[in-house]
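These notes are about the structure you will find just below.
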Amino acid sequence: MYQVVPGGAGGTVTNATPIKQKLKRDARPLVVASVLGLVLVIAAVTAWCYYIGSLRKAELLKTELLDLNKDGYIIRNQAGAIVFRMSFRSGTLDLDSCSKEGEILSCGRTSDRKLKFFIQTVFDNTVQCYRVRWEELVPSLPVEHAMTYNVSHWYGGAETAIQHWPISISGQQAPKPFVTSDIYSNRNGFGGILERYWLSSNATAIKINDSVPFHLGWNDTEKTMYFQARYHDTPYKPNPGEAPCAELSYRVCVGLDVTSIHKYMVRRYFNKPNKVPSKAMFRHPIWSTWALHKTDIDQEKLLKFAANIRKHGFNCSHLELDDRYTNRYGEFDFDLAKFPNATAMFQKLKTDGFLVSLWTHPFVNYDSENFHTCVERGLFVREPTGRLPALVSWWNGIGGILDFTNPEARDWFASHLRSLRSKYGVSSFKLDAGETNYLPWQFSTKTPLRDPSTFTRRYTEMAIPYNERAELRSGYQSQNISCFFRPIDRDSVWGYELGLKSLIPTVLTISILGYQFILPDMIGGNAYLNRTDGERTLPDRELYIRWLELSAFMPSMQFSIPPWEYDNEVVEIARKYTAIHESIVAPRVLELAGEVLDTGDPIIRPLWWIATGDETAYKIDSQFLIGDDLMVAPVLEPGKQERDIYLPAGHWRSYKGERFDIKEPLHLTDYPVDLDEIAYFVWV
């Protein structure tokens, strides 16, 4: 019944314990150990399951070369380098709400609300595209994504008053409506020609969808651009009957190089011209009355202007009779006090070989005879309730602005243009304005507009019957209007703010946005008071000559201040460069213009177009290409008769006859360029 067990080292235990009690005490550590072991096993299994789940979640949140996290996503190129980074500023995704089906990764919640979010991958040969959409389900909540731009150089977006190539961002700007604006009067706005498209030097492009109430902002400290969608405090409106739930949707595409990705985007997402304008506009200068005479134009001055063109031996595509030939703004016949016999004037000009286009605009001032007619017939854009016409202010007064979403207003306007053509033989029209900043902040139209810039598109359509020689200064999704587009008025100054240096960056930007038939405004600028470099009312002589030389290598030339206002030397330089334009530039430009109809490729191209991996070429804003084989390097600095020139690798012959066969890019330092010269190089 009892058992004596061995004791310690000193002998035996004399106070023996019952065996059942001893076994019970010895079992406790075993039970504890077993429980602990079980817990450890469960923990290990749980950890393993969590690890497997994490791997699956990580795999779920990857789609091809895109990695999604709760705060944004990154995109890599085929080599594995990060080329695009976007962060979410309007919420944090709940990753547990995400799922993946095929090529679509979708999420249903943020940390505090439901939403609709997806990223769809589309692979097309060497291009990887991602369709991104974030849609709020709560009315009036904005959606905002922030794109980091400091890893590459960016191009596109809009014409701006201070234009740089590539885009140069300074300061901070809260997101504001990305709509067309007159940047001459509103220099902080987005320009009259704009598209929701940007392109980067690391072969990435982004295109914002048309349905988005799109606002753009930036922060140069954070090196970010803000892409925002919202329906409050904005001229954007949801479709009738729809709740104002914001949606930000766009596509990001990554290719092999900057040129090929741009070609891909243009071919798929841009309108293209369907015809080439009159060949004469490419070959011969347009002569405008504006910069020379402003509104002080009359019949005698116009006839004298035409006579001087002939006297000095210049060709002419057509004469452009600008503001102001009517008695009041909004009327369509000639002011008899200034043009006592317009019919005879047009006959004389026709006999002398001149075609004539007329300036026009979308406004009818309140003192015009047509104002009452337009009010009675409901032809104006109206205030938000739609009951009353909206009065607008523009640079020539106050009046109504025609509602080009209204078929009756379009017909009324078009009938007056047709009447001018049939009565006087007018060849075409310069359609001025058209930007949305001339609409009221809140307004209504016959056909509701979600996007105010659609008004610009509707206005540009009025040029279609005259697109052989028509001129527009505003454009939004208007590439297929197939006429010449002109950047906003230039000041007669050297700098980047609407001056000579802004011309190449502006033309390159407009070209990247799909507008290839470009009229680069008047040679020497507009000679506006207090916005002119020079001692007289004329632009500085040197500035005028350098402007003339640059314009000769653009798709079209336009004079207003004529060269004979200076001296015989300037006249001879002008003859030289109109001849170069006609013999060298125009044939190549016309060849490229025919290709535009199929490809949409620029006529005027940046240097990186043929040097896609060249970091220096990405930043050059004072040289350009015509096609791939004519490189132009004008002098854009006062007092200079030399400049540095960057030659991409290849086989080039200079205008002086020098031959450059180079396997690597070449810097020509202080290359001599006399006042009557412009440096250009032809691919051989």
Side-chain angles (χ1 to χ4, degrees), residues 53-138 141-149 151-152 196-200 202-216 224-230 245-255 261 264-265 268-269:
S54 297
L55 289 178
R56 289 174 178 169
K57 179 62 72 175
E59 197 63 33
L60 165 69
L61 299 180
K62 288 178 180 287
T63 170
E64 295 296 337
L65 300 172
L66 181 146
D67 296 348
L68 175 69
N69 61 57
K70 60 186 178 64
D71 299 313
Y73 61 89
I74 60 171
I75 299 175
R76 303 176 190 274
N77 62 17
Q78 295 289 347
I82 296 175
V83 294
F84 189 82
R85 189 184 300 272
M86 188 76 87
S87 60
F88 305 142
R89 290 172 56 89
S90 48
T92 301
L93 286 180
D94 177 0
L95 298 183
D96 290 331
S97 72
C98 300
S99 60
K100 188 176 181 183
E101 184 174 343
E103 299 301 324
I104 299 177
L105 194 163
S106 59
C107 304
R109 289 190 57 83
T110 66
S111 57
D112 61 358
R113 64 187 183 277
K114 292 183 178 180
L115 86 161
K116 293 180 180 178
F117 173 86
F118 75 80
I119 297 177
Q120 180 180 10
T121 304
V122 179
F123 188 72
D124 188 355
N125 293 324
T126 59
V127 176
Q128 193 86 15
C129 287
Y130 304 91
R131 294 178 54 214
V132 182
R133 179 185 174 100
W134 179 305
E135 181 182 356
E136 290 290 352
L137 303 179
V138 178
L141 277 181
V143 183
E144 187 173 313
H145 293 179
M147 182 188 77
T148 302
Y149 64 77
V151 295
S152 59
R196 302 169 167 199
Y197 171 72
W198 288 267
L199 172 73
S200 84
N202 61 13
T204 306
I206 182 168
K207 179 80 166 61
I208 310 296
N209 287 356
D210 298 344
S211 59
V212 176
F214 181 53
H215 300 69
L216 180 67
T224 54
M225 294 172 63
Y226 304 139
F227 298 156
Q228 187 191 74
R230 73 170 192 258
C245 293
E247 160 233 327
L248 181 60
S249 56
Y250 52 88
R251 64 191 67 226
V252 181
C253 294
V254 181
I261 192 62
Y264 176 89
M265 299 297 286
R268 282 156 182 77
Y269 305 123

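Computed from a prediction, not measured in an experiment: that's the story for all the values here. In what follows, residues are counted from 1 in the order of the sequence shown.
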[X]: which residues meet the side-chain hydrogen bond (donor to acceptor under 3.5 Å, both in side chains) condition with it, sequence neighbours left out?
X    : value
S211 : E247
Y130 : none
R109 : none
N69  : none

Measure the [atom1]-[atom2] distance between [X] and [Y] for me, rounded to the nearest 0.5 Å.
X    : Y    : atom1 : atom2 : value
E103 : Q120 : CD    : CD    : 8.0 Å
K207 : S249 : NZ    : OG    : 10.0 Å
L66  : L105 : CG    : CG    : 8.0 Å
T148 : M225 : OG1   : CE    : 11.5 Å
W198 : I208 : CH2   : CD1   : 6.0 Å
S106 : R133 : OG    : CZ    : 12.5 Å

With heavy-atom distances below 4.5 Å as the criterion, would you say the side chains of [X] and [Y] are in contact?
X    : Y    : answer
N77  : L65  : no
S90  : L248 : no
R113 : L141 : yes
L115 : V143 : no
V132 : M86  : no

Discussion item. Under the criterion side-chain contact (heavy atoms from CB on, under 4.5 Å), I'd like the reasoning laid out for F227 against L216: C-alpha separation, chi angles, the key distance, then a yes or no.
Written reply: CA-CA 5 Å; F227 298 156; L216 180 67; 3.5 Å; yes
Worksheet item: Among all residues two or more places apart in sequence or in another chain, which pass the ring-ring contact (aromatic ring centres under 6.0 Å, His included) test with F88?
Response: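 ring-ring contact (aromatic ring centres under 6.0 Å, His included) list for F88, sorted by chain: F117, W134, H145.
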Worksheet item: Within the side chain of S97, is there an N or O that forms a donor-acceptor pair under 3.5 Å with the backbone of G108?
Response: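 Checking the backbone N and O of G108 against the side chain of S97, a donor-acceptor pair under 3.5 Å is found.
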Practice prompt. Test I261 against C253 for side-chain contact (heavy atoms from CB on, under 4.5 Å), laying out the working first.
Written response: CA-CA 8 Å; I261 192 62; C253 294; 3.9 Å; yes
Minimum heavy-atom separation for [X] and [Y], please, with both atom names.
X    : Y    : value
V252 : T204 : CG1-CG2, 3.7 Å
A246 : A229 : CB-O, 3.5 Å
E136 : K114 : OE1-O, 4.4 Å
R196 : N209 : NH1-O, 2.6 Å

Discussion item. Evaluate D124 against R268 for side-chain contact (heavy atoms from CB on, under 4.5 Å), listing each step before the verdict.
Written reply: CA-CA 12 Å; D124 188 355; R268 282 156 182 77; 3.2 Å; yes
Fill in: Pairwise salt bridge (charged side-chain N to carboxylate O under 4.0 Å, His left out) hits with a residue in residues 72-92, at least two apart
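Output for this query lists D67-R76, R89-E144.
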Item to complete: Given side-chain contact (heavy atoms from CB on, under 4.5 Å), test Y226 with H215 step by step and report yes or no.
Response: CA-CA 8 Å; Y226 304 139; H215 300 69; over 6 Å; no
